[in-house]
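Have a look at the structure below, then the notes.
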Amino acid sequence: MPKHPIQLSDHFTCSRLIRFVLPCIGTMLFTSIYGIVDGLCVSNFVGKTAFAAVNLIMPLPMLIGSIGFMLGTGGSAIVGITLGEGDGKKADELFSLFLSSALAAGIVFSAVGLVIIEPVAELLGAKGEMLDYALRYGRILLVSLPTFILQNMFQSFFVTAEKPHLGFAFTVGAGCTNMVLDVVLVGVLRWGVEGAAVATFLSQIVGGLLPVFYFLDRNNTSRLHLSRTKFHGRVLRNACINGSSELMTNLSMSLVNILYNYQLLRFAGEDGVAAYGVIMYAAFLFVAVFVGYAVGSAPIVSYNYGARNHREVHNLYSMSFRLIGVVAVVMTIGSMFLIPHVARIFVGYDAGLLALTTHAFRLYALSFLIMGFNVYASSFFTALGDGVTSALISFLRTLLFQVAAVFALPALMGMDGIWLAVTAAELAALGVSVYMFVTKDQKFQYRHV
């Protein structure tokens, strides 16, 4: 007998919460996996110079594409609160506003990105063959920005629409498209970095454009539908402010990646950038679990906060800390065993690079013990509509503390300081998260009922 579909208004036990967020975690994991296949094909079929070039230029489209995360998380919190208040028609109207705004932003920033990509690549240190690879790959990804932004946005809205499984299905479709085309275009047809970029572009059409047709269908059974809308400047501004933490997280990740690459070029040259690329691809798998849980549970918090059900918000708050603690320990221990095997898949053809990558990843992986709590803290305050607190945690965690650490620690510890910088930043941010959880309880009433 099939289980009853889980709704945002339900009371959540631990097992029910896990069932609800699993599709979102799966979505994030699968997104990471097909990103890994992209890098894997480039590294093994085109070479480590092309692999380093791809990782050097990747922060630019990722940085711009973070607009989708901002409108997705900030907008879905507003839509979720509106649904909790019982106004489904207004929720549809606001959902449609956020989608059209995301599409317009994607078109504008795609054009801007194409203009600035070459000077940006040169500023990042790309020269000669590496510059050529970076431009050939990056230009195609910049053309695909509108669909990439929509794909990022739908990750949040499928959960708010009470269709996390459908969101996962679209992600699987996009991922399979990318992986198959990577093998065919890069491995078989030898299209090089262009083949990898085209595979990514087509997969983003599956994940970013096809869901539009689903939400246009008024007969679908989701909580959300696309409808006629009108411009609500204040609501759009509030969504941007509320989602600014996720924007800050992704902007900061892109900027910090640029900074890491700059430092690594100084300390270890091309091999350092390639090693960091492997770490980023593999780390996405672990980070995806924390981000997937945060994104998947946020609409439940928003709905119950909108419905003034403080008892359920407290239930979600306390249960989440227990789950994150257990998962953090298990994943950190597991990563120590998996790291050599993951590194060998990417750079097993170069013994020196393999040794560097394995050592670096083991130091980097210590951050998994702390990271989940900070990711959840930022997402939790976004779900409550407190974008300022959420953005502050994200800004300190992903930018200010990391920039300070990546400059200061190498001066004290050499290259190991670069790999430990993220752990130092997460530890400092944890103090801020704990402080915010304690001081903000008086307003939101989530620690006690």
Problem - Parallel, tilted or perpendicular, as decided by the 30° and 60° cut-offs, for the rings of Tyr376 and Tyr293 - result: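 Geometry flag for Tyr376 against Tyr293: tilted rings.
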
Side-chain donor-acceptor contacts of residues 425-433 below 3.5 Å, not counting sequence neighbours, with atom names and distances?
| unit_1 | atom_1 | unit_2 | atom_2 | d |
| --- | --- | --- | --- | --- |
| Glu426 | OE1 | Asn374 | ND2 | 2.8 |
| Glu426 | OE1 | Arg397 | NE | 3.0 |
| Glu426 | OE2 | Arg397 | NE | 2.8 |
| Glu426 | OE2 | Arg397 | NH2 | 3.2 |
| Ser433 | OG | Asn374 | OD1 | 2.8 |
| Ser433 | OG | Ala429 | O | 3.2 |

Can you list, pair by pair, the side-chain donor-acceptor contacts under 3.5 Å of residues 405-423, counting residues two or more places apart and other chains?
| unit_1 | atom_1 | unit_2 | atom_2 | d |
| --- | --- | --- | --- | --- |
| Asp416 | OD1 | His359 | NE2 | 2.9 |
| Thr423 | OG1 | Ser367 | N | 3.2 |

Problem - Distance-only side-chain donor-acceptor flag, Ser144 / Gln204, under 3.5 Å - result: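 Yes.
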
Handout entry: Thr229 and Ser96: side chain donor to acceptor below 3.5 Å
Key =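 Looking only at side-chain atoms, Ser96 and Thr229 do not form any donor-acceptor pair under 3.5 Å.
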
Exercise for the section: Enumerate the residue pairs fulfilling ring pair (Phe, Tyr, Trp, His ring centres under 6.0 Å) with a member in residues 160-204, sequence neighbours excluded, ordered by first and then second residue. Expected result: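 Output for this query lists Phe158-Phe170.
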
Problem - is_close_aromatic(Phe437, Phe381), centroid dist under 6.0 Å - result: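 Yes; Phe381 has its ring centre under 6.0 Å from that of Phe437.
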
Practice task
Taking the six-membered ring for Trp and the single ring otherwise, decide whether the centroids of Phe157 and Phe215 are under 6.0 Å apart.
Solution key: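 Here the rings of Phe215 and Phe157 have centres that are no less than 6.0 Å from each other.
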
Handout entry: Contacts of type ring-ring contact (aromatic ring centres under 6.0 Å, His included), residue Tyr137, not counting sequence neighbours
Key =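 In terms of ring-ring contact (aromatic ring centres under 6.0 Å, His included), with neighbours along the sequence ignored, Tyr137 is linked to no residue.
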
Exercise for the section: State plainly whether the residues Arg139 and Glu118 are in salt-bridge range, i.e. N to O under 4.0 Å. Expected result: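 Here Arg139 pairs with Glu118 in a salt bridge, since their nearest N and O are under 4.0 Å apart.
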
Practice task
For Phe51 and Phe45, run ring-ring contact (aromatic ring centres under 6.0 Å, His included): C-alpha distance rounded to whole Å, both residues' side-chain angles, the deciding distance at 0.1 Å, then the answer.
Solution key: CA-CA 10 Å; Phe51 182 61; Phe45 292 118; over 10 Å; no

Problem - Residue of the set His232, Lys230, Arg228 for which side-chain hydrogen bond (donor to acceptor under 3.5 Å, both in side chains) holds with Glu93 - result: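 Single side-chain hydrogen bond (donor to acceptor under 3.5 Å, both in side chains) partner of Glu93 among His232, Lys230, Arg228: His232.
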
Handout entry: All pairs passing side chain to side chain donor-acceptor pair (under 3.5 Å) where residues 215-226 contributes a residue, at least two apart
Key =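 Only Glu162-Arg223, Lys163-Thr221, Asn220-Ser222, Asn220-His225 qualify under side chain to side chain donor-acceptor pair (under 3.5 Å).
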
Handout entry: Partners meeting side chain to side chain contact (heavy atoms under 4.5 Å, CB included) with Leu338 (sequence neighbours left out)
Key =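 Once residues adjacent in sequence are excluded, the partners of Leu338 under the side chain to side chain contact (heavy atoms under 4.5 Å, CB included) criterion are Phe286.
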
